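Nothing fancy with the numbering, it's 1 onward along the sequence. Fair warning: this is a prediction, and the values are worked out from it, not measured in the lab.
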Amino acid sequence: MNLEKLIEKIEAFKASHPEGTFEFFVQPQRDLDDLYAELLILDVTTDAEGNATARAEEALITLESPSNDELAMLEGIAESLKQYL
């Protein structure tokens with residue numbers, strides 16, 4: 001995925017959640033025998049007790065069988081996107 005498409009996905013998500021507070025999160029997962037990682041954009045809210053919960057989420061990037069370097073790259077992208085928002 002190129003940077004332009006990534007920004008388009010972020011802007012579309014933000015437009016569909018105009019009251020949202022946004023967060024980026026890297027989530028490594030194991031599904032049966034496969035390992036994959038997703039870079040997610042989350043619309044986050046805080047309940048009366050101060051607990052953060054996601055109202056909506058969308059995967060921006062998914063990597064199958066990511067290496068440690070690829071996970072670190074996703075984390076770096078997530079941090080950069082936090083600054084972008």
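Within the 4.5 Å cutoff, no side-chain heavy atoms of K9 are placed close to those of I41. Counting heavy atoms from C-beta on, the side chains of I10 and F24 come closer than 4.5 Å. T21 places none of its side-chain heavy atoms less than 4.5 Å from the side chain of T46. Looking at heavy atoms from C-beta onward, L35 lies in side-chain contact with P66 at the 4.5 angstrom threshold.
By the criterion of side-chain heavy atoms lying less than 4.5 angstrom apart, applied directly or through intervening Ile, Leu, Val, Met, Phe, Trp or Tyr residues, I61 is not grouped with L42; the two fall into different hydrophobic clusters. Under the 4.5 Å side-chain heavy-atom criterion for Ile, Leu, Val, Met, Phe, Trp and Tyr, L39 and F25 are members of distinct hydrophobic clusters. Under the 4.5 Å side-chain heavy-atom criterion for grouping Ile, Leu, Val, Met, Phe, Trp and Tyr, F22 is not connected to V44 through any hydrophobic cluster.
What you find for L63 and M73 is that their closest heavy atoms are CD1-CE, 4.2 Å. Considering every non-hydrogen atom in both P18 and S16, the closest pair reads CD-C, 3.5 Å. Scanning all heavy atoms of the two residues, the minimum distance from A59 to E38 falls at CB-OE2, 3.8 Å. Closest approach of E57 and L40 over heavy atoms only: OE2-CD1, 4.1 Å. Nearest heavy atoms, F13 versus H17: O-ND1, 2.9 Å. When all heavy atoms of E19 and R55 are compared, the closest pair comes out as O-NH2, 3.8 Å.
Between the CD atom of E8 and the CG atom of L60 there is a distance of 12.5 Å, given to the nearest 0.5 Å. Remark: N68 CG to E70 CD distance equals 9.5 Å, nearest 0.5 Å. Rounding to the nearest 0.5 angstrom, the gap separating the CG atom in D69 from the CG atom in L74 is 11.5 Å.
Heavy atoms of other residues, nucleotides or ligands lying less than 6.0 angstrom from CD of E11 number more than 12.
The backbone N or O of S80 sits nowhere less than 3.5 Å from a side-chain atom of Q83 that would complete a donor-acceptor pair.
With 3.5 Å as the limit, one finds no donor-acceptor pair spanning the side chains of Y36 and E64.
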